[in-house]
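Hydrogens, waters and symmetry mates play no part in the numbers below; they use all other heavy atoms, side chains included. Convention: sequence-line order gives letters A, B, ...; per-chain numbering from 1.
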There are 2 protein chains.
Amino acid sequence: MSLWQSISDQLRGEIARGKWPPGTRLPPEAELAARFGVNRHTVRHATRVLADEGLLYSRRGAGVFVAATPVDYPLSERVRFHRNIELSGKVPGRTIDAIMTRPAGDAEAEALGLEPGQPVHVAEGVSLVDFKPVALFRSIYPAALVPDLPAALRQHDSVTQALRACGVADYQRLVTRISARTADAVQAGKLQLEPGDPLLRTEGLSQWQGQMVERALTWWAAERVTLTLPHQLS
Amino acid sequence: MSLWQSISDQLRGEIARGKWPPGTRLPPEAELAARFGVNRHTVRHATRVLADEGLLYSRRGAGVFVAATPVDYPLSERVRFHRNIELSGKVPGRTIDAIMTRPAGDAEAEALGLEPGQPVHVAEGVSLVDFKPVALFRSIYPAALVPDLPAALRQHDSVTQALRACGVADYQRLVTRISARTADAVQAGKLQLEPGDPLLRTEGLSQWQGQMVERALTWWAAERVTLTLPHQLS
DNA sequence: GTGGATTTGTTCGTATGTATC
DNA sequence: AGATACATACGAACAAATCCA
């Protein structure tokens with residue numbers, strides 16, 4: 001792990017544990033650099049990443065500050081459902097309705113950079129927060145890249161862990177598309193909503209070492225979740 | 001303007017004009033640095049910003065590539081409705097239903113970092129793409145910071161221009177929150193939808209020189225727009 | 001398949017500019 | 001006005017991943 005990553009993780013932990021409450025100013029970059037025994041650029045790299053995530057913001061001449069607003073479901077470049085939910089102090093969960101392997105459709109093939117008809121794993125289920133349903137998901141993976149994923153998904157609680165078991169260590173979200181639809185009867189039933197209630201639909205494409213590894217479709221119960229986008233401050 | 005900004009703008013323009021089609025590799029960083037007469041770090045800063053916007057992605061050891069997928073409405077750190085729409089080759093527009101100045105409510109005051117009761121300007125209207133309504137907006141600004149904004153909004157076509165006329169040169173989006181609702185009769189009428197149709201609701205907070213300058217509430221006709229989040233690749 | 005060249009990623013050092021306090 | 005602190009930009013070196021002969 002790179003230096004800036006470990007510094008970034010350490011600061012994130014300190015902020016989470018309340019060592020730096022919202023609104024407080026962090027020590028100056030030079031001081032942090034001395035504390036971690038690195039160059040000031042390395043500290044800047046670490047704080048820039050945290051600013052990307054929305055935890056920090058910087059003001060030229062003034063300092064680097066801890067952001068005030070806690071977020072609900074941050075869509076940052078590394079989207080991890082379990083970790084996101086755990087960080088907000090709730091209990092993540094998941095049920096799986098179906099896991100299958102079948103030829104890719106046209107849209108799926110294009111999204112994943114495959115030829116139509118090549119095999120993909122598909123997992124469908126419900127995401128839970130504090131044991132209540134918040135979202136339906138349908139995730140699609142190239143079978144050639146992660147042949148043993150179906151077994152791994154059954155074995156592990158989180159997608160991140162299952163992918164790691166298949167050798168995909170650190171995938172990153174390339175893009176997220178957001179739209180909204182109303183729930184049909186089936187969706188409403190699974191999410192304990194009424195038909196016609198609004199759903200947030202996200203389509204996320206994730207990459208690992210230059211290859212597309214996941215196309216994740218998620219339908220969120222809009223009344224139970226707010227997606228937040230932390231933006232960077234350059 | 002900083003060097004990395006002008007390089008970033010120039011590359012963005014060349015990509016938009018098709019000089020570097022999707023999928024092609026850009027010249028190596030060293031070559032770009034020589035071309036622009038700057039250090040390699042400066043080129044990296046510029047390309048990192050474009051990667052944040054989703055236009056580029058980099059693969060260690062391989063190169064920097066132009067992303068394949070065009071995006072619809074990118075919610076990057078500098079959200080500009082007019083520019084976004086123009087870049088996608090369509091005609092942006094706007095009607096204003098009301099501009100008023102009134103004391104801030106509690107939620108507005110907190111979002112903008114004001115005391116409740118301090119005056120804010122409020123602008124409400126409809127955003128158009130190719131002369132068809134796509135979104136309702138309600139934008140709120142601290143009156144003390146931009147006292148002449150109401151006149152400027154009437155005079156200019158875009159919020160960006162109006163704010164610049166009031167001395168706010170380069171505001172940045174701090175955070176965007178996304179949720180979904182169904183349209184009521186009034187919203188449906190203004191957006192030429194049916195009541196009950198899904199709306200995407202975004203709340204954006206923007207900052208300029210450490211001060212909150214805008215709280216923008218937008219209700220998008222979900223069937224007419226897809227919001228996209230380009231993520232960064234570190 | 002291997003080795004060398006290429007290319008991006010990380011880290012250091014240094015200097016100057018600019019906004020804030 | 002001076003000190004502090006972040007922003008920008010330069011240069012150098014090495015690591016790590018990729019690519020190609």
Side-chain contact test, heavy atoms from C-beta onward, threshold under 4.5 Å: evaluate it for [X] versus [Y] and give yes or no.
| X | Y | answer |
| --- | --- | --- |
| A:Ile99 | A:Val122 | no |
| A:Leu32 | A:Glu29 | no |
| B:Val38 | B:Trp4 | no |
| A:Phe36 | A:Gln10 | yes |
| B:Leu56 | B:Ile15 | yes |

Spacing between [X] atom [atom1] and [N] atom [atom2], to the nearest angstrom:
| X | N | atom1 | atom2 | value |
| --- | --- | --- | --- | --- |
| B:Leu32 | C:dT8 | CG | P | 8 Å |
| B:Leu56 | C:dT7 | CG | C1' | 15 Å |
| A:His45 | D:dA7 | NE2 | P | 14 Å |
| B:Leu3 | C:dT18 | CG | P | 12 Å |
| A:Leu26 | D:dT4 | CG | C1' | 16 Å |
| A:Phe36 | C:dC12 | CZ | C1' | 17 Å |
| B:Glu29 | D:dG11 | CD | P | 15 Å |

Please test A:Gln5 against A:Ser2 for side chain to side chain donor-acceptor pair (under 3.5 Å), starting from the C-alpha separation and ending with a verdict.
CA-CA 5 Å; A:Gln5 271 182 321; A:Ser2 53; 3.3 Å; yes
Quiz question: going by heavy-atom distance under 3.5 Å, is there a donor-acceptor pair between the base of D:dT8 and the side chain of A:His41?
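Under the 3.5 Å cut-off, the side chain and the base do not form any donor-acceptor pair.
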D:dA7 base / A:Arg40 side chain donor-acceptor hit below 3.5 Å:
yes
Taking only the side-chain nitrogens and oxygens of [X], find out if one of them lies under 4.0 Å from OP1 or OP2 of [N].
| X | N | result |
| --- | --- | --- |
| B:Ser2 | D:dA7 | no |
| B:Ser58 | C:dG9 | yes |
| A:Arg44 | D:dA7 | yes |
| A:Asn39 | C:dT11 | no |

Got more than 12 heavy atoms from elsewhere within 6.0 Å of CD, A:Glu203?
yes
Lys/Arg N to Asp/Glu carboxylate O, A:Glu31 vs A:Arg25, below 4.0 Å:
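Not counted as a salt bridge, because no side-chain N and carboxylate O are separated by less than 4.0 Å.
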How would you list all residue pairs meeting salt bridge (Lys or Arg N to Asp or Glu O under 4.0 Å) that involve residues 142-164 of chain A, not counting sequence neighbours?
none
Side chain of A:Val38 (C-beta onward), nearest among C:dC12, D:dC6, D:dC10:
C:dC12
What would the secondary structure line of DNA chain C be in dot-bracket form, counting Watson-Crick and G-U wobble pairs under 3.5 Å, with [ ] for pairs that cross earlier ones and | for pairs with another strand?
.||||||||||||||||||||
Please write out each protein N/O paired with an N/O of nucleotides 19-21 of chain C under 3.5 Å, distance rounded to 0.1 Å.
residue, atom, partner, partner atom, Å
C:dC21, OP1, A:Arg59, NH2, 2.9

